[in-house]
Amino acid sequence: MPMSRSGTETIARALLTASALLGCQSGELPAADLQTLRIPHGAVQSPDGEWLFVTNANLDAKEESSTLVMIDLDAVFTAIDRPADAGAALSESRPCRERDAVIECDVGAFIDPSRSLRLPSGAGTIVLDRPYDGEGPWRLLTASAIDPALSWIDVTPIKEGLTVECGQTVDQRCDEAHTLTRRFNRPDGDLLPPDGARLRLDDQGFRYAYLPHLFGGLSGDSPGRRGSWLTLIALDGRGGGPEIVDVEGRFYRPANQETSTYAGGYAVVSRPCDPADPSVISSECTAPYLLTSHRFWPGIREFSVLTASRTVQGRGDIGFAESNPAVVEDRPYTADLRFEDERGDRLLLVHNAPPAISRIDTRIDEANGRIKAETIATASLCDNPNILALWRPPVGESLALISCYGDDAIAAVSLGAFARVATIAVGDGPNELVVDDARRLLYVVETLGDAIAIVDLDSRSSRYLKVIARLAPRDRLESL
């Protein structure tokens, strides 16, 4: 089935097709390749900067699982520094070459398949937790959207590279204890709903992760629930690993309560709280105060977590008129969101329709104890923007970087002037963005291009805000 240029339509159709195929062809599909990129989706960098962990989503269901691969970044940049001549064949000793001022590299040269894992189909965003206060293993979590599951993997850096542990079998699949599918990990617990969007860790010290679900709606069903879900994950569950502790149904609004097919969420952000100046809105810093973007309604929702019962507590919705120039049913309105400052006084929100990013005043209004939620400024973006990353160099201009799935581009917005200063052409279907602060680089996951583009973020460079390298399977590069 051909993929649509609309990111939302692409994912929706791919998921529906994949679910049907998996239902009737189970056992007939080939095993997933453990040494390549194929429909890559999520990515996260290791704390030491040496590894890039990437999920291959298998959204077209041509293989029987997703995969997690680990790219050796030190090996990547060693090879980039000594590429083969332009037009030369790629080889084991020279996996990179120059083409049209871009270094292209065979990504398989930097992936050890013995460290890769097979995951349930639809693996998406990856987050990295450090449950041992900086000591001991890093913990990766990723949610699968087609075969709904939350997988968790412990990764330990050693002199020889990495060790990977998820109770994996001989064919490198995580065991049941590391593949969560139900609330409280009990056979009678609520099922994890499908179509997970952006999994995100709480970055304010609360030991939770949040998973909005992209699709639902008035006709959506799941055992015990109805459409538009949000899942709460306790990072320190019983048994030592993460645990699904709440699955809230009917959490997100459709554009029209009577006629809309879809309702769902996209991303979650936790507002900082200063213990020296605590706010009522966060229960004096004892509970997280959270905002989440509605996908099919032009606004965001406030919520919190009742820490004693480990359940979600919804607060209220905040709409933004600039997201809704005309009522069009079942179209995505909002996408990623992040706080711009350390106090949580300014929120950055990506609008899908029309394509824009807004800076929103999230200071607390003393009169009513809620955030002001007033739009301060808005900048236009390229088509179908979704994912947001921030680049804050020690010296120079800070940027918001937004992947535009429909235009195969990255928008760079100055946080000083709050205006788009560059549109960076990348490959097919840009998705996840990872900022490498130490190297002053941006990694762009090209979901439809089976590649990762590397963009220069060093303002002193002649290639500033341009693609300088691309990692892709060798057959992809040879076909160009």
Side-chain angles (χ1 to χ4, degrees), residues 125 127 129 131 139 141 143 148-152 179-217 220-253 263-273 278-295 297 299-318 337 344 369-371:
T125 314
V127 295
D129 182 29
R139 180 163 292 167
L141 295 89
L150 179 77
S151 302
W152 60 280
T179 308
L180 313 182
T181 59
R182 289 182 178 271
R183 189 180 182 192
F184 301 134
N185 307 336
R186 294 196 317 230
D188 59 345
D190 290 335
L191 282 167
L192 180 69
D195 309 333
R198 291 190 63 68
L199 177 66
R200 187 161 283 171
L201 292 184
D202 192 296
D203 60 0
Q204 299 303 312
F206 296 100
R207 298 290 294 155
Y208 295 109
Y210 313 100
L211 180 64
H213 296 267
L214 192 60
F215 294 105
D221 279 316
S222 180
R225 298 287 163 183
R226 189 182 181 195
S228 64
W229 304 276
L230 176 83
T231 295
L232 176 67
I233 298 133
L235 297 175
D236 303 315
R238 290 164 291 191
E243 181 181 9
I244 298 167
V245 292
D246 195 13
V247 180
E248 285 291 320
R250 307 189 78 172
F251 195 77
Y252 294 99
R253 291 179 58 159
Y266 195 81
V268 173
V269 68
S270 183
R271 188 183 189 276
C273 183
S279 62
V280 174
I281 206 166
S282 61
S283 302
E284 308 297 319
C285 299
T286 62
Y289 169 73
L290 303 144
L291 297 171
T292 182
S293 48
H294 292 275
R295 187 58 165 164
W297 184 76
I300 58 178
R301 184 172 192 188
E302 302 171 284
F303 73 101
S304 187
V305 175
L306 298 174
T307 53
S309 59
R310 301 189 300 174
T311 56
V312 170
Q313 180 186 42
R315 290 176 181 259
D317 294 315
I318 302 168
L337 71 174
R370 300 187 69 188
I371 59 170

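Residues: numbered from 1 along the sequence shown.
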> Are Arg295 and Tyr252 in a cation-pi contact, defined as NZ or CZ under 6.0 Å from the six-membered ring centre and within 45° of the axis?
Replying inline: no
Please check if the side chain of [X] supplies one atom and the backbone of [Y] the other of a donor-acceptor pair under 3.5 Å.
X: Ser228; Y: Phe251; answer: yes
X: His213; Y: Gly264; answer: no
X: Arg182; Y: Pro187; answer: yes

> Ser282 and Ser279: side-chain donor and acceptor closer than 3.5 Å?
Replying inline: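 Ser282 vs Ser279: donor-acceptor pair found between side chains.
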>> Would you say Thr307 and Tyr208 are linked by a side-chain donor-acceptor pair, where the criterion is simply a distance under 3.5 Å?
In response: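 There is no such pair between these side chains.
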Closest heavy-atom contact between [X] and [Y]?
X: Arg315; Y: Ile281; value: NH2-O, 3.0 Å
X: Ala234; Y: Val245; value: CB-CG1, 3.7 Å
X: Ala149; Y: Thr179; value: CB-CG2, 3.8 Å
X: Ile300; Y: Ser293; value: CG2-CA, 4.1 Å
X: Ala287; Y: Val305; value: CB-O, 3.8 Å
X: Pro212; Y: Gly265; value: CB-C, 3.7 Å

Drop me the distance from [X]'s [atom1] to [Y]'s [atom2], to the nearest 0.5 angstrom.
X: Leu291; Y: Leu337; atom1: CG; atom2: CG; result: 6.5 Å
X: Asp246; Y: Thr311; atom1: CG; atom2: OG1; result: 5.5 Å
X: Thr125; Y: Arg198; atom1: OG1; atom2: CZ; result: 4.5 Å
X: Asp129; Y: Asp236; atom1: CG; atom2: CG; result: 7.5 Å

>> If you define the side chain from C-beta out and look only at heavy atoms, does anything of Ile244 sit under 4.5 Å from Phe184?
In response: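 Not touching, per the 4.5 Å side-chain cut-off.
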> Is Phe215 close to Pro193 at the side-chain level, that is, under 4.5 Å between some pair of heavy atoms?
Replying inline: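 Not in contact.
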>> Quick one, Arg310 with Leu306, criterion side chain to side chain contact (heavy atoms under 4.5 Å, CB included). Give me CA distance, side-chain angles, the key distance, then yes/no.
In response: CA-CA 5 Å; Arg310 301 189 300 174; Leu306 298 174; over 6 Å; no
>> Among Leu211, Val247, Leu290, Val268, which residue satisfies the side-chain contact (heavy atoms from CB on, under 4.5 Å) criterion with Leu230?
In response: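 Result: among Leu211, Val247, Leu290, Val268, Val268 is the only option passing the side-chain contact (heavy atoms from CB on, under 4.5 Å) with Leu230.
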> Out of Ile233, Asp202, Thr231, which residue meets the side-chain contact (heavy atoms from CB on, under 4.5 Å) rule with Tyr210?
Replying inline: Asp202
>> Tell me which one of Gln204, Glu302, Arg271 satisfies side chain to side chain donor-acceptor pair (under 3.5 Å) with Tyr289.
In response: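 Per the side chain to side chain donor-acceptor pair (under 3.5 Å) rule, the option paired with Tyr289 is Glu302, out of Gln204, Glu302, Arg271.
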